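Below is one structure; the comments refer to it alone.
Side chains are part of it too, since the values below use all heavy atoms of this structure and drop only hydrogens, waters and symmetry mates. In what follows, chains carry the letters A, B, and so on, assigned in the order in which the sequence lines appear, proteins first and then strands, with residues in each chain numbered from 1. Only a predicted model underlies this, so the values are computations on that prediction, with no experimental measurement involved.
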Amino acid sequence: MNNIALARAFFEIADLMELNGENPFRANAYRRAGRAIEMLPEDVEEIFERGEIRKVPGIGAALAEKVGEWLSTNEIQYLEELRQQVPPGVVEMTKIAGVGPKLARRFYAELGITTIDELEKACRKRKIRTLRGMGARTEWNIIRGIQALRERGNQIPLGVALPVAREIQAHLELLPQVKQVDLAGDLRRRREMLDKLDLVVTGIDPEEILSLLPGLAEVEEIIAKNADSIRLRLKSGPELEIVAAAPESYWWTLWKATGSSEHVAQVLALAEERGLAVVGKKGLEPTASLVEVLGEAELYQLLGLPFIPPEIREGEGELTAARQGLLPQLVELSDIRGDLHCHSRWSDGVMTLEELAQAAAAKGYEYVAVCDHSQSLTVANGLSVERLRAQHRDIQEVNEKLDNIQLLSGIEVDILTDGSLDLPDSILAERDVVVASIHSGFRQDVEQLTMRVMKAMENPHVDIIGHPTGRLLGRRDPYAIDMERVIEMAAKTGTALEINASPDRLDLNDVNAQAAKEAGVKIVINTDAHSQPELDNMHLGLSVARRAWLTKDNVVNTWSLKEVKEYLSRK
DNA sequence: GCCGTTTTCGGCCCGACTGTTTTCAGTCG
């Protein structure tokens with residue numbers, strides 16, 4: 001699919017236009033078009049070939065031409081020109097919280113600052129306050145913002161890393177000499193943020209991989225290379241390490257590279273304890289005999305253990321649990337029978353209700369809940385009581401028409417700053433599913449935020465708390481909320497907590513989801529999809545659930561429609 | 001730059017919050 005790359009080019013144009021102080025509405029047109037392309041259910045090239053690109057909302061004559069230019073040359077001249085006009089460091093500055101395009105541009109234009117380092121120095125030398133409208137507070141906030149940015153380092157979210165790694169994997173798989181390629185390391189264990197993408201490959205050596213660059217990946221620099229591995233830094237930030245293994249020891253290399261180091265050490269210690277490590281040929285490393293085992297499953301079997309899935313190989317008690325026969329049967333993607341939080345055109349989604357239902361049916365689901373935003377979220381075209389009633393009629397019509405899926409009527413109701421809900425109880429009572437979420441007042445203190453969510457859970461109509469900590473991976477920290485108390489209240493009131501599978505969120509995270517499970521709280525894995533492609537993000541939420549040791553029973557949307565309906569009506 | 005029309009121009013999503021001001025500009029969701 002070309003869609004993501006093209007959308008990214010349009011987003012970059014929009015950012016650069018804003019930095020250049022161009023008409024913000026023009027810039028926004030690029031951003032809107034980028035979003036539209038990102039959400040297309042098919043490859044933009046096919047639509048373009050059919051001559052239907054102008055039918056995509058937000059794409060007119062000028063942008064249609066740029067789509068064509070990009071498809072034929074893989075470049076947009078206008079973007080190249082913009083890149084010449086603004087130093088990359090100035091673009092970087094807008095990543096600092098509190099610094100937008102206007103400020104970055106002023107720092108550049110009025111003080112000649114072209115990098116984040118220079119900006120920090122200017123703050124410390126009290127130069128920013130010489131600008132009109134800036135004071136000591138501004139300088140302090142910028143320094144704090146820069147520190148927060150540095151702490152995040154070059155990590156990228158799982159949802160961004162996976163497609164990058166899979167593309168490289170697909171490239172390698174196409175080579176005739178390559179026998180096998182797998183994801184390894186933090187990526188295979190599905191950690192939420194990654195600073196290194198690991199791959200293991202057999203049939204090709206590092207020298208040959210080097211010769212395939214740059215067709216393989218966008219490489220910033222080569223960090224290291226030796227006989228059996230190569231490390232690069234990708235332009236998108238993270239490192240990439242490819243380990244080349246001999247065919248006969250492929251699985252062994254993959255197993256070691258999957259880690260974590262604690263898990264590997266614990267397994268090897270157990271092997272030694274069982275006397276297995278010394279069975280091998282004389283003079284070899286103690287662990288070498290294990291190479292004679294055929295694969296990962298056999299390795300664990302040899303040690304008297306069930307297979308330990310990669311997601312929980314953290315060295316945090318999984319071996320002990322396995323030895324005691326207490327390893328849970330982790331929930332699988334194929335267990336998922338529905339999605340209980342999706343948006344439609346009624347608020348800020350792009351699908352009609354029927355399109356949403358059909359898309360969910362195509363995924364083999366039994367049910368899907370439309371949970372559009374409520375009235376106070378005006379930016380997202382939130383629904384009033386009247387519009388919600390009208391939507392309900394629309395839902396009934398779709399359900400009468402389709403017999404392979406049940407469209408549930410839901411709502412994502414805002415938890416207002418005082419903890420009350422954005423819609424009256426009477427209308428919430430009419431809905432099948434009520435997701436309550438916070439979208440405002442992020443800066444309240446821990447007491448206020450915790451009380452808001454706890455109050456919402458006390459409402460008998462609230463079934464699920466949506467994205468409970470409000471974080472955006474790599475961009476915004478969770479708001480101050482006491483999850484311990486939230487989980488306690490969820491258990492007490494029988495409210496489910498959401499694992500929001502959006503690649504930007506993954507909220508709850510694995511730690512909180514595990515704590516919820518232990519407190520007896522049910523989890524729902526929702527995609528929060530606003531478009532058809534986003535329904536496919538379910539696997540990301542699932543990886544969080546697996547890392548949290550969740551089973552099918554813990555996850556509401558693995559249950560049948562009947563069971564889900566019973567659950568939703570019992571509170 | 002798009003779009004719809006009271007159709008070739010004028011509006012485009014908008015309100016809360018912050019830090020600086022003393023009436024506002026910029027950021028953020």
Side-chain angles (χ1 to χ4, degrees), chain A residues 9-11 13-37 53-67 69 76 78-79 82 93-110 123 126 128-145 148-149 343 345 347-349 373-384 412 414-418 422 437-445 448-449 466-467 469-472 475-479 502 504-505 507 528 530:
Chain A
F10 279 179
F11 293 146
I13 290 176
D15 291 343
L16 290 169
M17 286 175 80
E18 274 184 337
L19 275 166
N20 272 344
E22 306 224 17
N23 179 352
F25 293 107
R26 268 187 71 207
N28 209 33
Y30 279 92
R31 201 164 281 132
R32 275 220 318 273
R35 268 200 295 269
I37 289 165
I53 194 68
R54 295 273 318 254
K55 286 188 186 167
V56 177
I59 297 189
L63 288 186
E65 197 178 311
K66 293 202 167 57
V67 172
E69 184 189 354
I76 298 174
Y78 181 45
L79 173 57
L82 284 168
M93 281 181 219
T94 60
K95 289 184 184 164
I96 303 165
V99 178
K102 293 272 165 57
L103 285 184
R105 180 157 179 261
R106 281 189 68 194
F107 297 148
Y108 175 48
E110 296 178 32
C123 287
R126 308 183 173 187
I128 299 299
R129 66 183 70 179
T130 62
L131 300 181
R132 193 175 48 81
M134 316 260 161
R137 194 75 191 232
T138 312
E139 288 170 345
W140 189 68
N141 281 341
I142 291 173
I143 291 173
R144 238 178 29 158
L149 192 64
H343 293 266
R345 277 192 203 172
S347 65
D348 59 347
H373 291 288
S374 60
Q375 54 196 11
S376 77
L377 209 63
T378 51
V379 285
N381 192 22
L383 297 178
S384 62
E412 183 178 18
D414 260 53
I415 303 172
L416 303 176
T417 46
D418 63 354
D422 191 28
S437 312
I438 285 182
H439 293 112
S440 60
F442 296 104
R443 297 199 193 194
Q444 289 180 330
D445 63 32
Q448 281 175 302
L449 276 157
H467 44 77
T469 75
R471 71 163 177 181
L472 294 179
R475 282 186 284 150
R476 187 176 75 203
D477 286 337
Y479 36 65
S502 161
D504 292 329
R505 294 189 184 273
D507 178 15
D528 198 357
H530 289 67

Starting at the 5' end of nucleotides 11-27 of chain B, put B wherever the base has a protein heavy atom under 4.0 Å, S where only the sugar-phosphate does, and a dash everywhere else.
-BBB---SSS-----SS
B:dG26 versus B:dT21 - spacing of their C1' atoms, nearest Å:
13 Å
Going by the angle between their ring planes, with limits at 30° and 60°, are A:Y78 and A:Y30 parallel, tilted or perpendicular?
tilted
To the nearest 0.5 Å, atom CD1 of A:I96 lies from atom CZ of A:R144 at 13.0 Å
If we take the P atom in both B:dC9 and B:dC14, what is their distance in whole Å?
24 Å
In whole Å, measure the gap between the P atoms of B:dT5 and B:dG1 for me.
23 Å
Expressed as a whole number of Å, how far does the C1' atom of B:dC28 sit from that of B:dC13?
13 Å
Rounded C1' spacing from B:dT8 to B:dC3 in Å:
12 Å
Using a heavy-atom cut-off of 4.0 Å across all strands, would you classify A:A27 as base, sugar-phosphate, or nothing?
nothing
Would you indicate what A:I59 reaches in the nucleic acid, counting non-hydrogen atoms under 4.0 angstrom: base, sugar-phosphate, or nothing?
sugar-phosphate
Paired nucleotide for B:dT8 [Watson-Crick or G-U wobble; both distances under 3.5 Å]
none
Suppose you measure atom C1' in B:dA25 against the same atom in B:dT20; what distance do you get, rounded to whole Å?
9 Å
Between A:H373 and A:N381, do the side chains contain a donor N or O and an acceptor N or O under 3.5 Å apart?
no
What is the distance from CD of A:E65 to P of B:dC2, rounded to the nearest Å?
10 Å
Using the P atom as the point on both nucleotides, what is the distance between B:dG11 and B:dT6, in whole Å?
15 Å
Select base, sugar-phosphate, or nothing to describe what A:R31 touches, counting heavy atoms under 4.0 Å on all strands.
nothing
Starting from P on B:dC28, measure out to CZ on A:F442 and report it in whole angstrom.
13 Å
So which one's nearest nucleotide on DNA chain B is more toward 5', A:G58 or A:S440?
A:G58
What is the distance from CZ of A:R26 to P of B:dG10, rounded to the nearest Å?
18 Å
Quick check: closest heavy atoms across A:G466 and A:S437, and the distance to 0.1 Å?
CA-OG, 3.5 Å
What pairs with A:R31 under salt bridge (Lys or Arg N to Asp or Glu O under 4.0 Å), at least two apart in sequence or on another chain?
A:D15, A:E18
Between CD of A:Q448 and CG of A:D445, what distance do you get to the nearest 0.5 Å?
4.5 Å
Under a 4.0 Å threshold between the charged nitrogen and the carboxylate oxygen, would A:E139 count as salt-bridged to A:R126?
no
Gap between atoms CD and P, on A:Q444 and B:dC28 respectively (whole Å):
19 Å
Flag for A:S376-A:D422: side-chain donor and acceptor within less than 3.5 Å
yes
Euclidean distance, atom CG of residue A:D477 to atom C1' of B:dC28 [Å, nearest integer]:
15 Å
Can you check the distance between B:dG29 and B:dT22, where both ends of the measurement are the P atom (answer in whole Å)?
28 Å
Check the distance between B:dC2's P and A:I37's CD1 and give it to me in whole angstrom.
11 Å
Interatomic distance where CG belongs to A:L472 and P belongs to B:dC28 [whole Å]
12 Å
